[in-house]
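Below: the structure, in C-alpha coordinates.
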Amino acid sequence: MAITAKMVSDLRAKTGCGMMECKKALTEANGDFDEAVKVLRERGLAVAGKKAERIAAEGVVDIMVSDDGKTAAMIEVNAETDFVAKNESFKEFVRGILKTILDKKPANIEELLPLQYLDTDFTVEGKVKDMIFTIGENMNIRRFVIVEGTFSTYIHGKGSTGVIIGFDADEAATSNAGFADFAKNVALQVAAMPVLYLNKESVPEKDIAEEKEILMTQIKNDPANAKKPEQIIEKMVTGRINKFYEKNCLTEQAYVKDDSMTVGKYVEAAAKEFGGKIALNGFWCFEKGEGLEKREDDFAGEIARLTGKAE
(Lines give C-alpha, C1' and ligand atoms only; values in the text may rest on other atoms or scores of the structure.)
Protein backbone atom coordinates (compact mmCIF):
# COMPACT_ATOMS: atom_id res chain seq x y z
CA MET A 1 0.00 0.00 0.00
CA ALA A 2 1.30 3.46 -0.92
CA ILE A 3 2.11 5.65 2.06
CA THR A 4 0.88 9.20 1.43
CA ALA A 5 2.13 12.45 2.93
CA LYS A 6 -1.26 12.93 4.61
CA MET A 7 -1.01 9.54 6.33
CA VAL A 8 2.41 10.43 7.66
CA SER A 9 1.17 13.85 8.76
CA ASP A 10 -1.86 12.37 10.56
CA LEU A 11 0.27 9.83 12.41
CA ARG A 12 2.77 12.51 13.37
CA ALA A 13 -0.05 14.71 14.71
CA LYS A 14 -1.38 11.86 16.85
CA THR A 15 1.93 10.58 18.22
CA GLY A 16 4.24 13.58 18.09
CA CYS A 17 6.92 11.37 16.50
CA GLY A 18 9.25 12.43 13.70
CA MET A 19 8.22 12.16 10.03
CA MET A 20 10.71 9.40 9.20
CA GLU A 21 9.68 7.32 12.23
CA CYS A 22 6.02 7.70 11.21
CA LYS A 23 6.70 6.73 7.60
CA LYS A 24 8.68 3.64 8.68
CA ALA A 25 5.91 2.59 11.07
CA LEU A 26 3.21 2.99 8.41
CA THR A 27 5.28 1.00 5.93
CA GLU A 28 5.80 -1.76 8.49
CA ALA A 29 2.06 -1.74 9.27
CA ASN A 30 1.18 -1.79 5.55
CA GLY A 31 -0.69 1.49 5.93
CA ASP A 32 -2.84 0.43 8.91
CA PHE A 33 -3.03 3.56 11.05
CA ASP A 34 -3.82 1.88 14.39
CA GLU A 35 -1.16 -0.78 13.81
CA ALA A 36 1.37 1.98 13.03
CA VAL A 37 0.53 3.68 16.33
CA LYS A 38 1.10 0.34 18.06
CA VAL A 39 4.44 -0.07 16.30
CA LEU A 40 5.56 3.36 17.47
CA ARG A 41 4.45 2.63 21.02
CA GLU A 42 6.35 -0.64 21.00
CA ARG A 43 9.44 1.12 19.75
CA GLY A 44 8.85 3.73 22.41
CA LEU A 45 9.21 1.12 25.11
CA ALA A 46 12.58 0.08 23.66
CA VAL A 47 13.77 3.66 23.35
CA ALA A 48 12.60 4.40 26.90
CA GLY A 49 14.67 1.52 28.18
CA LYS A 50 17.80 2.85 26.50
CA LYS A 51 17.25 6.31 27.96
CA ALA A 52 16.39 5.21 31.50
CA GLU A 53 19.96 5.67 32.73
CA ARG A 54 20.19 9.29 31.60
CA ILE A 55 20.01 11.90 34.34
CA ALA A 56 16.56 13.45 34.82
CA ALA A 57 16.85 16.19 37.46
CA GLU A 58 14.83 18.95 35.81
CA GLY A 59 11.06 18.81 35.41
CA VAL A 60 8.21 20.29 37.37
CA VAL A 61 6.35 20.22 40.67
CA ASP A 62 2.60 20.64 40.25
CA ILE A 63 -0.51 20.55 42.45
CA MET A 64 -4.14 19.79 41.63
CA VAL A 65 -7.18 20.13 43.88
CA SER A 66 -10.29 17.97 43.49
CA ASP A 67 -13.52 19.56 42.24
CA ASP A 68 -15.03 19.43 45.73
CA GLY A 69 -11.97 21.14 47.23
CA LYS A 70 -11.47 18.39 49.81
CA THR A 71 -8.38 16.69 48.36
CA ALA A 72 -5.09 17.96 46.97
CA ALA A 73 -2.37 16.00 45.15
CA MET A 74 1.19 17.24 44.63
CA ILE A 75 3.69 15.55 42.32
CA GLU A 76 7.26 15.91 41.09
CA VAL A 77 7.94 14.59 37.58
CA ASN A 78 11.49 14.87 36.30
CA ALA A 79 12.89 15.27 32.80
CA GLU A 80 16.42 15.85 31.53
CA THR A 81 16.13 19.51 30.52
CA ASP A 82 14.30 22.61 31.63
CA PHE A 83 13.27 23.14 28.01
CA VAL A 84 11.12 20.00 28.03
CA ALA A 85 9.69 20.90 31.45
CA LYS A 86 8.27 24.07 29.88
CA ASN A 87 6.72 22.13 26.98
CA GLU A 88 2.92 22.29 27.09
CA SER A 89 2.52 18.60 26.22
CA PHE A 90 4.78 17.68 29.16
CA LYS A 91 2.78 19.89 31.53
CA GLU A 92 -0.49 18.39 30.27
CA PHE A 93 1.00 14.92 30.80
CA VAL A 94 1.77 15.82 34.43
CA ARG A 95 -1.74 17.18 34.94
CA GLY A 96 -3.09 13.90 33.60
CA ILE A 97 -1.13 11.98 36.22
CA LEU A 98 -2.50 14.27 38.93
CA LYS A 99 -6.06 13.62 37.72
CA THR A 100 -5.38 9.89 37.90
CA ILE A 101 -4.02 10.24 41.43
CA LEU A 102 -7.03 12.24 42.62
CA ASP A 103 -9.41 9.73 41.01
CA LYS A 104 -7.74 6.48 42.15
CA LYS A 105 -5.82 7.62 45.28
CA PRO A 106 -2.89 5.18 45.00
CA ALA A 107 -0.79 4.72 48.14
CA ASN A 108 2.57 4.99 46.37
CA ILE A 109 4.28 5.04 42.97
CA GLU A 110 4.18 1.23 42.75
CA GLU A 111 0.38 1.39 42.93
CA LEU A 112 0.20 4.39 40.59
CA LEU A 113 2.17 2.98 37.63
CA PRO A 114 -0.24 0.14 36.66
CA LEU A 115 -3.33 2.39 36.80
CA GLN A 116 -5.08 3.46 33.60
CA TYR A 117 -3.93 6.91 32.47
CA LEU A 118 -7.13 8.94 32.06
CA ASP A 119 -9.34 7.51 29.30
CA THR A 120 -6.48 6.15 27.18
CA ASP A 121 -5.22 2.65 26.42
CA PHE A 122 -2.09 3.44 28.44
CA THR A 123 -1.24 2.62 32.00
CA VAL A 124 0.57 5.46 33.77
CA GLU A 125 3.83 3.58 33.30
CA GLY A 126 3.08 3.09 29.62
CA LYS A 127 2.28 6.78 29.20
CA VAL A 128 5.61 7.71 30.79
CA LYS A 129 7.43 5.48 28.31
CA ASP A 130 5.40 6.85 25.41
CA MET A 131 6.33 10.39 26.44
CA ILE A 132 10.00 9.38 26.62
CA PHE A 133 9.79 8.10 23.05
CA THR A 134 7.78 11.06 21.76
CA ILE A 135 9.84 13.82 23.38
CA GLY A 136 13.19 12.05 23.38
CA GLU A 137 14.22 12.53 27.01
CA ASN A 138 14.27 10.31 30.04
CA MET A 139 11.41 11.05 32.45
CA ASN A 140 10.57 9.83 35.91
CA ILE A 141 7.71 10.17 38.39
CA ARG A 142 9.75 10.83 41.50
CA ARG A 143 7.17 11.33 44.26
CA PHE A 144 3.64 12.44 45.06
CA VAL A 145 1.49 13.10 48.10
CA ILE A 146 -2.28 13.21 48.68
CA VAL A 147 -3.65 15.55 51.36
CA GLU A 148 -7.28 15.60 52.47
CA GLY A 149 -9.22 17.96 54.72
CA THR A 150 -8.48 21.65 55.18
CA PHE A 151 -5.35 22.80 53.37
CA SER A 152 -3.65 25.54 51.42
CA THR A 153 -1.45 25.10 48.36
CA TYR A 154 1.25 27.16 46.69
CA ILE A 155 3.40 26.72 43.58
CA HIS A 156 6.51 28.88 43.25
CA GLY A 157 8.55 29.69 40.17
CA LYS A 158 6.28 27.95 37.63
CA GLY A 159 6.84 24.59 39.24
CA SER A 160 10.22 24.85 40.95
CA THR A 161 8.70 24.43 44.44
CA GLY A 162 5.33 23.17 45.64
CA VAL A 163 3.85 23.41 49.13
CA ILE A 164 0.75 22.02 50.83
CA ILE A 165 -0.13 23.05 54.41
CA GLY A 166 -2.66 21.05 56.40
CA PHE A 167 -4.87 22.65 59.07
CA ASP A 168 -7.14 21.56 61.88
CA ALA A 169 -9.64 24.41 61.85
CA ASP A 170 -13.28 24.80 62.82
CA GLU A 171 -16.02 26.33 60.69
CA ALA A 172 -15.80 29.68 62.45
CA ALA A 173 -12.24 30.01 61.20
CA THR A 174 -12.55 28.48 57.72
CA SER A 175 -15.70 30.43 56.86
CA ASN A 176 -14.00 33.74 57.66
CA ALA A 177 -13.16 35.82 54.57
CA GLY A 178 -9.56 36.20 55.75
CA PHE A 179 -8.82 32.50 56.21
CA ALA A 180 -7.70 31.85 52.62
CA ASP A 181 -5.11 34.65 52.73
CA PHE A 182 -3.91 33.51 56.15
CA ALA A 183 -3.51 29.92 54.96
CA LYS A 184 -1.68 31.05 51.81
CA ASN A 185 0.74 33.06 53.95
CA VAL A 186 1.71 29.94 55.90
CA ALA A 187 2.32 28.10 52.62
CA LEU A 188 4.48 31.00 51.43
CA GLN A 189 6.48 30.70 54.67
CA VAL A 190 7.42 27.09 53.92
CA ALA A 191 8.36 27.96 50.32
CA ALA A 192 10.56 30.82 51.51
CA MET A 193 12.23 29.26 54.57
CA PRO A 194 13.71 25.74 54.68
CA VAL A 195 12.07 23.76 57.47
CA LEU A 196 12.39 20.19 58.76
CA TYR A 197 9.72 19.79 61.44
CA LEU A 198 6.23 21.07 62.17
CA ASN A 199 6.88 21.96 65.84
CA LYS A 200 9.10 21.09 68.81
CA GLU A 201 7.00 18.07 69.67
CA SER A 202 7.53 16.52 66.25
CA VAL A 203 11.35 16.53 66.45
CA PRO A 204 12.53 12.93 67.05
CA GLU A 205 14.43 12.37 70.30
CA LYS A 206 17.38 10.93 68.39
CA ASP A 207 17.70 14.15 66.38
CA ILE A 208 17.75 16.24 69.56
CA ALA A 209 20.29 13.91 71.19
CA GLU A 210 22.52 14.11 68.12
CA GLU A 211 22.28 17.91 67.99
CA LYS A 212 23.10 18.19 71.71
CA GLU A 213 26.13 15.98 71.26
CA ILE A 214 27.39 18.13 68.39
CA LEU A 215 26.81 21.34 70.35
CA MET A 216 28.49 19.95 73.46
CA THR A 217 31.56 19.01 71.43
CA GLN A 218 31.69 22.40 69.74
CA ILE A 219 31.50 24.25 73.06
CA LYS A 220 34.12 22.08 74.79
CA ASN A 221 36.49 22.43 71.83
CA ASP A 222 36.43 26.22 72.20
CA PRO A 223 39.43 27.22 74.39
CA ALA A 224 37.37 30.08 75.86
CA ASN A 225 35.11 27.49 77.53
CA ALA A 226 37.88 25.29 78.93
CA LYS A 227 37.41 26.35 82.53
CA LYS A 228 33.64 26.67 82.55
CA PRO A 229 31.69 24.31 84.86
CA GLU A 230 29.68 21.49 83.32
CA GLN A 231 26.37 23.04 84.36
CA ILE A 232 27.23 26.27 82.52
CA ILE A 233 28.08 24.32 79.39
CA GLU A 234 24.76 22.48 79.68
CA LYS A 235 22.92 25.83 79.87
CA MET A 236 24.81 26.96 76.76
CA VAL A 237 23.70 23.79 74.96
CA THR A 238 20.09 24.42 75.98
CA GLY A 239 20.28 27.96 74.61
CA ARG A 240 21.62 26.72 71.28
CA ILE A 241 18.99 23.98 71.09
CA ASN A 242 16.38 26.74 71.21
CA LYS A 243 18.11 28.30 68.20
CA PHE A 244 17.88 24.89 66.51
CA TYR A 245 14.11 24.89 67.09
CA GLU A 246 13.79 28.45 65.77
CA LYS A 247 15.53 27.46 62.55
CA ASN A 248 14.06 24.03 61.91
CA CYS A 249 10.51 24.02 63.37
CA LEU A 250 7.78 25.78 61.39
CA THR A 251 5.85 27.07 64.41
CA GLU A 252 9.07 28.44 65.98
CA GLN A 253 10.34 30.22 62.86
CA ALA A 254 10.11 34.00 62.60
CA TYR A 255 7.13 34.80 60.37
CA VAL A 256 8.55 36.12 57.09
CA LYS A 257 5.99 38.92 56.72
CA ASP A 258 6.41 40.12 60.32
CA ASP A 259 9.52 38.85 62.08
CA SER A 260 8.34 40.30 65.40
CA MET A 261 6.27 37.12 65.80
CA THR A 262 6.73 33.41 65.16
CA VAL A 263 4.57 31.41 62.77
CA GLY A 264 2.94 29.81 65.81
CA LYS A 265 1.99 33.24 67.16
CA TYR A 266 0.70 34.23 63.73
CA VAL A 267 -1.60 31.19 63.75
CA GLU A 268 -2.83 32.07 67.25
CA ALA A 269 -3.47 35.68 66.21
CA ALA A 270 -5.45 34.57 63.16
CA ALA A 271 -7.57 32.17 65.22
CA LYS A 272 -8.37 34.96 67.67
CA GLU A 273 -9.20 37.38 64.85
CA PHE A 274 -11.48 34.87 63.13
CA GLY A 275 -13.15 33.80 66.38
CA GLY A 276 -12.33 30.15 65.81
CA LYS A 277 -9.76 27.41 66.35
CA ILE A 278 -6.77 26.80 64.06
CA ALA A 279 -3.80 24.46 64.34
CA LEU A 280 -1.23 23.28 61.83
CA ASN A 281 -1.31 19.51 61.34
CA GLY A 282 1.29 19.03 58.61
CA PHE A 283 3.28 20.46 55.74
CA TRP A 284 4.65 19.00 52.51
CA CYS A 285 7.26 20.73 50.37
CA PHE A 286 8.69 19.43 47.09
CA GLU A 287 11.63 21.23 45.50
CA LYS A 288 12.28 20.24 41.91
CA GLY A 289 15.41 18.11 41.61
CA GLU A 290 16.18 18.34 45.33
CA GLY A 291 19.06 15.97 46.11
CA LEU A 292 19.35 14.70 42.53
CA GLU A 293 22.53 14.72 40.50
CA LYS A 294 22.32 17.47 37.90
CA ARG A 295 23.05 16.96 34.24
CA GLU A 296 26.15 18.82 33.03
CA ASP A 297 26.25 19.47 29.30
CA ASP A 298 29.58 19.86 27.53
CA PHE A 299 28.40 22.34 24.91
CA ALA A 300 31.90 22.95 23.52
CA GLY A 301 32.41 19.22 23.10
CA GLU A 302 29.01 18.79 21.48
CA ILE A 303 29.72 21.54 18.96
CA ALA A 304 33.10 19.98 18.21
CA ARG A 305 31.46 16.61 17.57
CA LEU A 306 28.82 18.14 15.29
CA THR A 307 31.40 20.04 13.26
CA GLY A 308 33.78 17.11 13.07
CA LYS A 309 36.48 18.95 15.01
CA ALA A 310 36.53 16.77 18.06
CA GLU A 311 39.93 15.38 18.99
Side-chain angles (χ1 to χ4, degrees), residues 56-66 69-79 82 85-86 91 94-95 97-98 101-102 105-109 112 139-169 179-204 207-208 211 243-259 261-267 270 278-294:
E58 295 297 335
V60 70
V61 175
D62 202 0
I63 297 173
M64 183 176 288
V65 177
S66 61
K70 295 180 179 180
T71 308
M74 177 166 63
I75 194 169
E76 178 184 359
V77 181
N78 300 120
D82 187 51
K86 294 176 181 177
K91 291 189 284 187
V94 173
R95 287 192 286 268
I97 301 174
L98 283 169
I101 291 171
L102 286 173
K105 294 185 173 61
N108 49 46
I109 291 177
L112 169 64
M139 297 178 193
N140 178 54
I141 301 173
R142 186 183 185 195
R143 51 184 171 172
F144 72 87
V145 65
I146 300 171
V147 179
E148 297 180 309
T150 302
F151 53 79
S152 180
T153 68
Y154 174 68
I155 289 287
H156 178 72
K158 297 181 179 180
S160 63
T161 303
V163 176
I164 302 179
I165 303 290
F167 298 91
D168 287 325
F179 182 82
D181 285 341
F182 151 77
K184 182 70 71 177
N185 286 339
V186 180
L188 288 170
Q189 173 84 24
V190 173
M193 300 292 291
V195 64
L196 297 176
Y197 314 102
L198 182 66
N199 50 36
K200 290 181 180 180
E201 293 72 27
S202 63
V203 182
D207 290 5
I208 292 297
E211 186 67 18
K243 291 292 183 183
F244 171 84
Y245 288 137
E246 290 171 11
K247 178 181 179 182
N248 295 294
C249 297
L250 178 57
T251 58
E252 303 303 310
Q253 282 186 340
Y255 175 44
V256 289
K257 290 192 173 184
D258 181 0
D259 60 11
M261 69 171 78
T262 64
V263 173
K265 292 298 182 184
Y266 174 60
V267 173
I278 306 173
L280 304 181
N281 65 21
F283 71 91
W284 299 263
C285 180
F286 289 175
E287 290 188 21
K288 178 190 69 178
E290 179 183 13
L292 294 177
E293 178 186 359
K294 299 293 183 179

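- Between V186 and Y255, the closest side-chain pair of non-hydrogen atoms is not below 4.5 Å.
- With a 4.5 Å cut-off on side-chain heavy atoms, L188 and V256 do not count as touching.
- For K265, the side chain to side chain contact (heavy atoms under 4.5 Å, CB included) test picks out M261, T262, E268, with sequence neighbours left out.
- Residue N281 holds its CG atom at 8.5 Å from OG1 of T150, rounded to the nearest 0.5 Å.
- Between F167 and F179, the angle of the ring planes goes over 60°, which puts this pair in the perpendicular group of the 30/60° scheme.
- Judged purely by atom type and a 3.5 angstrom limit, N78 uses its side chain to pair as donor or acceptor with the backbone of E58.
- Taking all atoms of both residues into account, the shortest heavy-atom contact from R142 to I109 is O-CD1, 3.1 Å.
- The side-chain heavy atoms of E287 and V61, taken from C-beta on, include no pair separated by under 4.5 Å.
- Across all non-hydrogen atoms, the minimal contact from A192 to P194 is O-CD, 3.9 Å.
- Summarising the local packing, NZ of K86 is surrounded by 12 or fewer heavy atoms from other residues, nucleotides or ligands at distances under 6.0 Å.
- Using a 4.5 Å heavy-atom cutoff, the side chains of L198 and F283 are in contact.
- Between Y266 and D258, the closest side-chain pair of non-hydrogen atoms is not below 4.5 Å.
- Heavy atoms only, all atoms of each residue included: V163 and I63 are closest at O-CD1, 3.5 Å.
- Remark: the backbone N or O of T71 is paired with a side-chain donor or acceptor of S66 at under 3.5 angstrom.
- A distance of 14.5 Å separates CG of L102 from NZ of K70, quoted to the nearest 0.5 Å.
- A side chain to side chain donor-acceptor pair (under 3.5 Å) with Y197 is found for exactly one of D207, N248, T251, namely D207.
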Listing, residues 151-162 side-chain donor-acceptor contacts under 3.5 Å, not counting sequence neighbours, or none:
from : atom 1 : to   : atom 2 : distance (Å)
S152 : OG     : A183 : O      : 3.4
S152 : OG     : K184 : N      : 3.4
Y154 : OH     : H156 : ND1    : 3.0
S160 : OG     : H156 : O      : 2.9

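- Here D181 pairs with nothing under the side-chain hydrogen bond (donor to acceptor under 3.5 Å, both in side chains) rule; sequence neighbours left out.
- Nearest heavy-atom pair, G166 versus W284, reported as atom, atom and distance to 0.1 Å: N-CZ3, 3.8 Å.
- Between the CG atom of L250 and the CG atom of L280 there is a distance of 5.5 Å, given to the nearest 0.5 Å.
- Taking the six-membered ring where the residue is Trp, the centroids of F286 and F144 are separated by 6.0 Å or more.
- A 4.5 Å side-chain heavy-atom check between D62 and R95 finds at least one atom pair inside the cut-off.
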Output, in order, the C-alpha distance, side-chain angles, deciding distance and verdict of side-chain contact (heavy atoms from CB on, under 4.5 Å) for Y245 and N199.
-> CA-CA 8 Å; Y245 288 137; N199 50 36; over 6 Å; no
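- To the nearest 0.5 angstrom, L98 atom CG is 10.0 Å from I146 atom CD1.
- None of E246, M193, K247 except one satisfies the side chain to side chain contact (heavy atoms under 4.5 Å, CB included) rule with Q253; the exception is M193.
- Taking CD of E252 as the reference point, atom NZ of K200 lies at 4.5 Å (rounded to 0.5 Å).
- The pair E76-K288 does not meet the salt-bridge criterion, since no charged nitrogen lies less than 4.0 angstrom from a carboxylate oxygen.
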